[in-house]
Each structure stands twice: as C-alpha cells, then as structure tokens.
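See structure below.
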Amino acid sequence: NHGYIEVVVGPMYSGKSEELIRRLKRAKIAKQNIVVFKPHIDDRYSKKDVVSHSGDSIEAIPIEKASDIYNLIDEDVQVVGIDEVQFFDEEVVDIAIDLANKGVRVIAAGLDMDFKGEPFGPTPKLLAVAEFVDKIQAICSVCGQPATRSQRLIDGKPARYDDPIIQVGAVESYEARCRKCHVVK
Ligand code: ADP
Ligand code: ZN
C-alpha cells in the first residue's frame, strides 16, 4: 500500500493552516497515527502548535531541518503533516516522496510565492510531485477580489524588491492581495 502527497498552498491568510488542521483532525478522529511538524523559525502564536489565524490549533513539533522528521516518527506513522513548508530545505521534497512510497499520507501546507510573487523555496517542487494540490485564496484587502499574493509592507508602505528580510526598527506587516493590487517596486 503506497501513500501520497497532498499540498495546500496560497498567500498569507488564505486558510492554509486552517485546512491543514482540518485534515489532520479528521485523521485523528479516525484514530490514525499522526505527527505534525513545522520549521523552528515560525513562532507565530505558539512554539509547539500549528495555529491558524482564526485560532484553531493542533500540536506540532518544531524542527531545524527536514531530515529531523526521520528521528521523530516511528514505523506505524500513518499521516505526516508539515506546515510552513516553504521554510524547509529542498530535502523536504525527497523526504515527502520517500514517506509516500512507504505508505504515509503526507500533507504539506505553505506559501507558493514569496512577497515578490516568486516561487518560494521547495514548494514549487513539492507541487510538481504531489498527487493532490489545493491552491486556495484569501480576500484582497484592497479590492475584495480573490487574493493570490502576500503583500509585504514596511512602515505601512509596499516593500521594495531588494528590501532586506529583516529590517531593524521598521514595522513589517503583510496583507493578502490580488495580482492587480500586489505591488513590488
Ligand atoms: P494561512 O495559514 O494561509 O496564513 P490561516 O489559516 O492562518 O491562513 O488564517 C486564515 C484566516 O485568516 C481566515 O479564516 C480569516 O479569519 C483570517 N483573515 C485575515 N485576513 C484575511 C483576508 N484578507 N482574507 C481572508 N481571510 C483573512
Ligand atoms: Zn485587489
């Protein structure tokens, strides 16, 4: 019996974590053996849980690198959840494939594009090898159309293409926006 790879992608606030949590909770209700991982760097709301913006949560293990997954699952694992998958190294793709080959249902959620609108980390590769892909939308905070991109704002103004990832002293925020309202100078 083989497993498979499911990927849930979209911009920030599209409900990726919500959808991941929903699928994992249903597997849990069915008494399946599940383990959930997230990158160590993502500490929005909670270090140990995957938390959606709407407040729903499920217990997760923060890991430094994708290969840590092997040390933290056992033979009888049936479902592996991975949130914020874009922050992992490319190896996460090989691990997802390997687990699926061994019979595990792998559910990964993450950003498909960075704030520039460019493919984000290992996500594009994962999308290519997945059996099931769901690309979900938020609501554009400018015009109300379906939002597919994450707008990065620095002190309330659209971030520039070359702006550093961490800007000391500046207030950084994000908004969900559509193609037309998404600005990268
Ligand atoms: P993601 O993991 O994709 O960032 P979450 O599951 O954490 O998404 O959050 C989705 C929730 O974010 C929605 O249910 C809603 O309550 C909230 N939200 C905030 N801003 C927006 C927006 N512009 N469009 C849609 N939902 C939004
Ligand atoms: Zn718009």
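Indexing begins at 1, ligand by ligand and atom by atom, following the structure's order.
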Pairs of nitrogen or oxygen atoms closer than 3.5 Å, one from V51 and one from ligand 1: do any exist? no
Going by the 4.0 angstrom heavy-atom rule, the piece of A109 near ligand 1 is neither
With the 4.5 Å side-chain cut-off for hydrophobic clustering, are F88 and V35 part of the same group? yes
Given the rule in the ring pair (Phe, Tyr, Trp, His ring centres under 6.0 Å) test, do F87 and F120 qualify, once you have shown the distances and angles that lead to the verdict? CA-CA 8 Å; F87 290 132; F120 205 151; 5.8 Å; yes
C178 SG and C143 SG subtending at the Zn ion (ligand 2) (10° steps): 110°
Ligand 1 atoms nearer than 4.0 angstrom to some heavy atom of S14 are 3 (O), 8 (O)
Polar contacts were defined as any N/O atom of the residue lying under 3.5 Å from an N/O atom of the ligand; does this apply to G15 and ligand 1? yes
Taking both backbone and side-chain atoms into account, decide whether H182 has an N/O/S atom under 2.8 Å from the Zn ion (ligand 2). no
Relative to the heavy atoms of P11, which atoms of ligand 1 are at a distance of less than 4.0 Å? 3 (O)
Decide, yes or no, whether a salt bridge links R23 with E19 under the criterion of side-chain N to carboxylate O below 4.0 Å. yes
Looking only at distances, can you tell me whether any N or O atom of S17, backbone or side chain, sits closer than 3.5 Å to an N or O atom of ligand 1? yes
Tell me if a side-chain donor or acceptor on D68 pairs with a main-chain N or O of E64 at a distance below 3.5 Å. yes
Tell me yes or no: between the side chains of E18 and Y13, is some donor less than 3.5 Å from an acceptor? no
Below 4.0 Å from any atom of ligand 1, is there a heavy atom belonging to S141? no
Using a 4.0 Å cutoff against the non-hydrogen atoms of E18, which atoms of ligand 1 qualify? 6 (O), 10 (C), 11 (C), 13 (C), 14 (O)
Does any N or O in the side chain of K38 come within less than 3.5 Å of the main-chain N or O of D49, such that one atom is a donor and the other an acceptor? yes
Do D112 and T123 have side-chain atoms, one donor and one acceptor, less than 3.5 Å apart? no
